[in-house]
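What's counted below: heavy atoms across the whole structure, side chains too, no hydrogens, waters or symmetry copies. Start at 1 with the first residue, then count along the sequence.
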Amino acid sequence: MLNRTDFKMSTRDFVYETIRESIMTLDLPPGSAISEKEIAEELEVSRTPVREAFLRLTEDELLIVLPQRGSFVTLIDLDHVEEARFLREQAEVGIIRLACDSFNEYCLQQLEINVEKQKQAKKIEDEKTLFVLDKEFHRLLAEGTKKVRVWRVIQKMDTHSNRLRKLSMELKLNWDQLVEHHGEMVSAIKAKDCQRAEALIRTHLGLLQYDQQALRLEHPEYFSK
């Protein structure tokens, strides 16, 4: 679990974000049992915000409550992953085309800095940092095109894909392509080459489709079917 660092956050939101982060980073793997009582004790909060967090996480399809058995982290659903990929592709193609038309120098610099950090993380095989930087790259694209709300919608939908992506990072699948794609996207945006940028984002978002078989062979217990 994460430690509480943002004391401006309400207890309810803190509990929700902490559990959600643990699920998304696989600290709580798919299929794990999770107890309201244990979470409340670990986070030193009452049961009420934990119960509210469990309800929200159930709505997010990250928890499932089984009568007489308890609460469990949901298994990764590949149908869910495909729907999220479809949504992301439609949204991010539009975002990267806007970036080609409107990105300013500061936004480009932020992307370039991010890609350089990715290269360093890959070099030292720091998958946790690379996972964070990958997500940050796409967030920077959304912020630079004033589409932050679109990014939030994507993140809400992308929960199963994010867990699959984290698993892919841990197994070091497609690291070279991932970093290379990001660098090429920056070059396409700088050149205002919308066609190239669009082709890259489509290929990039399809990487997980190629990873799925290897991931299921390595961790069959994490998948719903």
Side-chain angles (χ1 to χ4, degrees), residues 1-88 91 126-136 138-139 142-143 148-171 208 212 215-216 218-225:
M1 291 293 178
L2 301 178
N3 293 319
R4 186 169 188 175
T5 57
D6 186 355
F7 291 95
K8 295 179 181 179
M9 188 183 294
S10 70
T11 300
R12 178 179 60 187
D13 288 341
F14 162 68
V15 173
Y16 168 76
E17 293 294 345
T18 300
I19 302 172
R20 189 178 190 279
E21 182 70 9
S22 293
I23 294 173
M24 299 307 296
T25 58
L26 304 181
D27 288 339
L28 285 171
S32 298
I34 182 170
S35 160
E36 285 185 13
K37 180 176 181 293
E38 291 176 3
I39 294 294
E41 291 175 353
E42 184 172 350
L43 298 181
E44 299 181 344
V45 297
S46 70
R47 293 281 289 274
T48 299
V50 177
R51 190 172 301 115
E52 292 173 349
F54 273 36
L55 287 173
R56 290 173 67 183
L57 291 162
T58 301
E59 291 172 358
D60 292 344
E61 298 182 65
L62 288 174
L63 284 187
I64 184 170
V65 179
L66 300 178
Q68 311 305 318
R69 291 181 58 191
S71 299
F72 299 84
V73 177
T74 55
L75 299 174
I76 296 172
D77 185 328
L78 293 179
D79 289 338
H80 197 301
V81 170
E82 171 53 26
E83 286 188 38
R85 185 208 60 78
F86 177 84
L87 174 66
R88 278 197 70 174
D126 183 351
E127 58 88 7
K128 290 184 178 179
T129 298
L130 188 57
F131 178 72
V132 171
L133 290 169
D134 176 29
K135 183 182 289 189
E136 183 184 83
H138 294 270
R139 177 182 59 77
E143 287 183 352
V148 176
R149 291 182 182 86
V150 175
W151 168 251
R152 289 173 184 159
V153 170
I154 291 171
Q155 290 305 293
K156 196 75 172 176
M157 180 69 178
D158 211 26
T159 51
H160 286 244
S161 296
N162 267 321
R163 290 190 290 165
L164 196 65
R165 194 171 295 110
K166 181 64 165 64
L167 191 58
S168 177
M169 290 284 190
E170 289 182 355
L171 296 178
L208 274 185
Q212 287 177 15
L215 296 173
R216 291 184 72 175
E218 186 72 22
H219 287 287
E221 73 279 10
Y222 285 176
F223 293 85
S224 61
K225 57 183 178 178

Kindly determine whether R56 and D13 satisfy salt bridge (charged side-chain N to carboxylate O under 4.0 Å, His left out), including the steps that lead there. CA-CA 10 Å; R56 290 173 67 183; D13 288 341; 3.0 Å; yes
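- How far CG of D77 is from OG of S224: 4.0 Å, rounded to the nearest 0.5 Å.
- Within the 4.5 Å cutoff, the side chain of E170 has heavy atoms near those of the L167 side chain.
- Remark: Q212 CD to E82 CD distance equals 8.0 Å, nearest 0.5 Å.
- Taking 4.5 Å as the limit, some side-chain heavy atom of R165 sits within range of a side-chain heavy atom of N162.
- Interatomic distance, CG of L28 versus CD1 of I19, reported as 8.0 Å (0.5 Å rounding).
- Contact record, F131 with M24: CZ-O, 4.4 Å, taken as the closest heavy-atom pair.
- Between R163 and V73 the shortest side-chain heavy-atom distance falls below 4.5 Å.
- Interatomic distance, S161 OG to I76 CD1, rounded to the nearest 0.5 Å: 9.0 Å.
- Between F223 and L164 the shortest side-chain heavy-atom distance falls below 4.5 Å.
- Counting only N and O atoms by type, the side chains of H219 and E221 include a donor and acceptor under 3.5 Å apart.
- Closest approach of G31 and F72 over heavy atoms only: O-CD2, 3.7 Å.
- For the pair D60 and Y16, the minimum side-chain heavy-atom distance is below 4.5 Å.
- Panel note: side chain H160, backbone E61; a donor-acceptor pair is recorded below 3.5 Å.
- Looking only at side-chain heavy atoms (C-beta outward), E42 and E38 stay at 4.5 Å or farther from each other.
- Screening R88, H80, R85 for a side-chain hydrogen bond (donor to acceptor under 3.5 Å, both in side chains) involving D158 leaves a single residue, R88.
- You'll find the side chain of K128 stays beyond 4.5 Å of the side chain of M169, heavy atoms only.
- A distance of 10.5 Å separates NZ of K135 from NZ of K166, quoted to the nearest 0.5 Å.
- Between K37 and E41 the shortest side-chain heavy-atom distance falls below 4.5 Å.
- Using a cutoff of 4.0 Å between basic side-chain nitrogens and carboxylate oxygens, E17 and R20 are not scored as salt-bridged.
- Scanning all heavy atoms of the two residues, the minimum distance from S168 to L208 falls at CB-CD2, 4.3 Å.
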